Amino acid sequence: MSALLELVREDLRAFAGYSSARRAGVTGDIWLNANESGWRNPADPGLGVNRYPDPQPASLRGRLAEIYGVRAEQVLVGRGSDEAIDLLVRALCRPGQDAVVVAPPVFGMYAVSARLQGAPLVEVPLRDGPEGFSMDLDAMANAAIARGAKLVFACSPANPTGQAVPAAELLALARRLAGRALLVVDEAYGEYSDEPSLAAEIDRQPNLAVLRTLSKAHALAAARIGCLLAAPELIAVLRNCQAPYPLPSPCVQLALAGLSDEALTLTRERIALVRSERERLAAALSAAPGVRRVYPSMGNYLLVRFEDAEAAFRRLLAAGVVVRDMRASPQLGDALRISIGLPAENDAVLAALGEGRAAA
Ligand SMILES: Cc1ncc(COP(=O)(O)O)c(C=O)c1O
C-alpha cells in the first residue's frame with residue numbers, strides 16, 4: 001500500500017460507499033433505475049432536473065483541472081471547499097486519536113470539522129511581527145509529528161490575517177510530513193495572491209493537497225462549488241465517502257458558464273481591480289484616525305486593528321456597512337476584517353470611519 005493510503009482510516013481504505021444509480025456504469029435510452037419522474041417539472045427551464053445529477057461531471061472536473069493545471073483524476077468537486085475539508089477530516093482521522101493541526105487565528109471550518117469528527121485539534125498560533133502575521137512552519141511540523149496528526153491545514157493566503165506563505169516553504173513542510181500527515185494548502189484566495197499555486201507539485205509530493213473554490217474570485221459563492229486537488233488514489237477514497245449526488249445540476253451549468261473563456265477574462269479584470277482597491281484602501285486606512293494597524297494582505301480583505309474596534313464597528317454599521325468583527329479570535333481583540341468591495345463601497349468604508357472621527 002502507498003504511504004498516502006496509509007494515512008486514510010483503515011476501515012475506509014476499501015470502503016465502496018453508496019452505489020448510486022448514476023455510478024452503476026450502465027447506459028441506455030430509457031432510465032428506470034432511480035425512481036425519478038419521467039416528466040419534467042413545469043418550472044424546469046430545460047435543465048432536466050427530473051434526473052439525478054452526475055456525481056462528478058466530467059465537463060466540470062475537466063475544466064477545473066485545466067484552470068488549476070492538474071489532471072481531471074486529481075480533482076474532487078464538492079459543495080464548496082467546506083465539503084472537501086469535512087471529507088478529509090472524516091476519512092483520515094479516527095475520533096479521539098488522529099489530530100488536526102491548525103494555525104490560529106484562521107478560517108474556522110478546520111476546527112469545526114475536527115470537532116464534529118471528535119478529532120483532537122492541535123493549535124500552533126501564528127506569530128505577529130513587523131512584517132505581519134506568519135506561520136511557524138517548523139513548530140507546525142514538530143507538533144504534527146509529536147501528536148501523530150494526520151492532517152495539517154495551511155491557509156495561504158490566510159483568512160483573516162492576509163499573509164501568503166512562499167510556495168517553497170510549504171513544499172518543504174510537506175516533505176517533512178511525508179509518510180506521517182497530509183498537508184492541505186487552502187488556496188481559497190489564491191487568485192488574489194502573488195504566490196504561485198502548489199497544485200503543480202501534487203504529482204511529486206503525494207502527501208500534499210490543495211483546496212480551491214469558485215466562491216471568491218469567481219463570484220459564484222451561492223453555487224457552492226469548491227474542489228480538492230490531490231493524488232488520484234486519495235480522490236477516489238474521498239469520492240466513496242461523499243454524498244451520492246453532491247452537485248446540483250443547475251449549479252454545475254452555472255459554474256461551467258462562469259468558467260468560460262469570456263467569463264474568465266472579466267474575472268481576471270475584477271481580480272486586478274480588487275488588488276488595486278486593496279492597496280488603495282490599505283493606504284487610506286493606515287492614515288485614518290483611530291486605526292492602529294493595517295496588515296498586508298494577499299487576499300480580498302484587510303485585517304485592521306483599531307484603537308476602539310467596537311466604536312469603528314458601530315460607526316460602519318450606522319453607515320450600513322457590515323464588516324467581520326474578529327475580536328473573539330485569539331490575538332485579534334482589537335481587529336475587524338474588511339472585505340474589498342466595489343470602489344464605491346470601499347469609499348463608504350473610508351467615509352464612515354473618517355466622518356465618525358471628525359464628528360466625535
Ligand atoms: C480560507 C477559506 N477556505 C475555505 C472557505 C470555504 O469556501 P467555500 O466552501 O465557499 O468554497 C472559505 C470561506 O470563507 C475560506 O475563507
Side-chain angles (χ1 to χ4, degrees), residues 56 60-61 63-64 67-68 75-90 100-116 121 123 126 133-135 140 151-165 170 182-193 195 197-199 209-230 238 242-243 246-248 251-252 254-255 258-259 267 271 274 278 295 297-303 322-326 328-329 332 335-341:
Q56 291 286 300
L60 183 57
R61 257 183 130 189
R63 185 61 172 152
L64 290 167
I67 289 169
Y68 298 135
V75 180
L76 177 87
V77 194
R79 289 161 288 184
S81 41
D82 283 344
E83 184 182 24
I85 294 166
D86 193 52
L87 283 171
L88 282 166
V89 176
R90 281 197 283 149
V100 172
V101 175
V102 297
V106 72
F107 178 58
M109 283 308 289
Y110 318 132
V112 167
S113 292
R115 173 87 182 262
L116 286 168
L121 186 72
E123 298 187 309
L126 294 180
F133 279 96
S134 61
M135 266 179 239
M140 287 169 80
L151 274 171
V152 175
F153 283 100
C155 189
S156 180
N159 175 15
T161 45
Q163 81 283 3
V165 185
L170 288 169
L182 182 76
L183 173 64
V184 183
V185 180
D186 188 342
E187 298 182 355
Y189 302 96
E191 289 87 350
Y192 301 107
S193 175
E195 285 296 328
S197 170
L198 277 160
V210 171
L211 290 164
R212 302 293 307 236
T213 179
L214 301 188
S215 298
K216 310 295 177 182
H218 292 280
L220 287 167
R224 304 305 301 127
I225 305 277
C227 59
L228 180 77
L229 313 176
L238 297 179
Q242 196 175 25
L247 305 172
C251 296
V252 171
L254 195 57
L259 295 174
T267 295
I271 292 167
V274 166
R278 179 178 72 197
Y295 284 86
S297 175
M298 283 283 139
N300 65 339
Y301 46 85
L302 291 171
L303 182 70
V322 186
V323 301
R324 189 71 174 249
D325 187 350
M326 302 308 306
S329 302
L332 300 182
L336 305 178
R337 190 196 65 195
I338 306 175
S339 302
I340 308 299

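Every number for a ligand or one of its atoms is a count from 1 in the order of the listing. Since the structure is predicted, the reported quantities are computational estimates derived from the model, not experimental observations.
With 3.5 Å as the limit, one finds no donor-acceptor pair spanning the side chains of S193 and E195.
Residues passing the ring-ring contact (aromatic ring centres under 6.0 Å, His included) test with Y295 are F133, sequence neighbours excluded. For Y68, there are no ring-ring contact (aromatic ring centres under 6.0 Å, His included) partners at least two apart in sequence or on another chain. The side chain to side chain contact (heavy atoms under 4.5 Å, CB included) search around I67 returns R63, L259, L264, not counting sequence neighbours.
Across all their heavy atoms, S81 and R212 have their closest contact at CB-O, 3.8 Å.
Taking the six-membered ring for Trp and thresholds of 30 and 60 degrees, Y189 and Y301 have ring planes more than 60 degrees apart, a perpendicular arrangement.
Sorted by chain and number, the heavy-atom contacts of ligand 1 below 4.0 Å come from G80, S81, D82, F107, C155, N159, D186, A188, Y189, T213, S215, K216, R224.
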